[in-house]
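In what follows, a single structure is set out as structure tokens and then discussed.
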Amino acid sequence: MGTLSLVWGLALAPMGWVLLLAATATPRWRELPERPGYPRDLSFSDGLWESCVEVLTQLGPACRAIPADTAHFWPMWVLRAATVGSLLLGVLAYTLAMLGARWWAPQPRPNLVATARLLLMLAGAMYLGAASYMAHRVLQDLASPQTPPADRFRLGTCLYLGWSGSGAEVLAGICLATSFCRKRGFVGGPATAPYEVDY
């Protein structure tokens, strides 16, 4: 059971990290396919670093950096820091988990795996918070009657990727947590008495 949980954790962690990387790099955190006042074949989308316009009859969107007033707004700095920090923590956690598993050695290192578990769960929680905050902002603007129709963006694809990736990271941390117990190596491993017993 312990080895199976460890394998699941080591498999889920890189899968979640790839999803988070795709969500961070792709400018589709919010989308508006048919924007009022624009031709119907134009699709607009925004990300953390770029704002894109895509002509549906052509290949590839035309992207540019997001406006300076938006880029320097403090929530955008927090979102960028949380997403990039989550990616870096994910790499560190996976490295520690692989070193802790020690497939080449007879005994694993549970302390390294425990540290990796905490870092993976923290990375997932950070990205989950960032994606949820952006979704809250998008839905808030969408529900507000004061928002112009041309600014009523919808939830983008990257938010769903971010939620899936962060869920995979947290689940990987849980799997690593169940693979080792606090006092001994693998769960269900051989237990030795701390003293000799005479019957």
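Index from 1, following the sequence. Note that this is a predicted model, so its numbers are computed, not measured.
- Closest approach of L12 and C175 over heavy atoms only: CD1-SG, 4.3 Å.
- Between L89 and A123 the shortest heavy-atom distance is CB-CB, 3.9 Å.
- Shortest non-hydrogen contact noted between Y127 and S166 is CB-CB, 4.1 Å.
- A distance of 11.5 Å separates CE in M126 from CG in L128, rounded to the nearest 0.5 Å.
- At a threshold of 4.0 Å, the pair R28-E50 does not count as salt-bridged, since none of the basic side-chain nitrogens sits closer than that to a carboxylate oxygen.
- Atom OG of S5 is separated from atom CG of L10 by 11.0 Å, given to the nearest 0.5 angstrom.
- Note: D151 CG to R30 CZ = 7.0 Å, rounded to the nearest 0.5 Å.
- Put simply, W163 and L21 are part of the same group of oily side chains (I, L, V, M, F, W, Y) that touch within less than 4.5 Å, one to the next.
- Neither W49 nor L19 shares a network with the other; the hydrophobic side chains, linked directly or stepwise wherever heavy atoms of I, L, V, M, F, W or Y lie under 4.5 Å apart, form separate groups for each.
- Looking at every heavy atom in both residues, V113 comes nearest to A101 through CG2-N, 4.0 Å.
- Under the 4.5 Å side-chain heavy-atom criterion for grouping Ile, Leu, Val, Met, Phe, Trp and Tyr, M76 is connected to L159 within one hydrophobic cluster.
- L161 and V170 fall into different hydrophobic clusters, where Ile, Leu, Val, Met, Phe, Trp and Tyr residues are linked whenever their side-chain heavy atoms come under 4.5 Å apart, directly or through other members.
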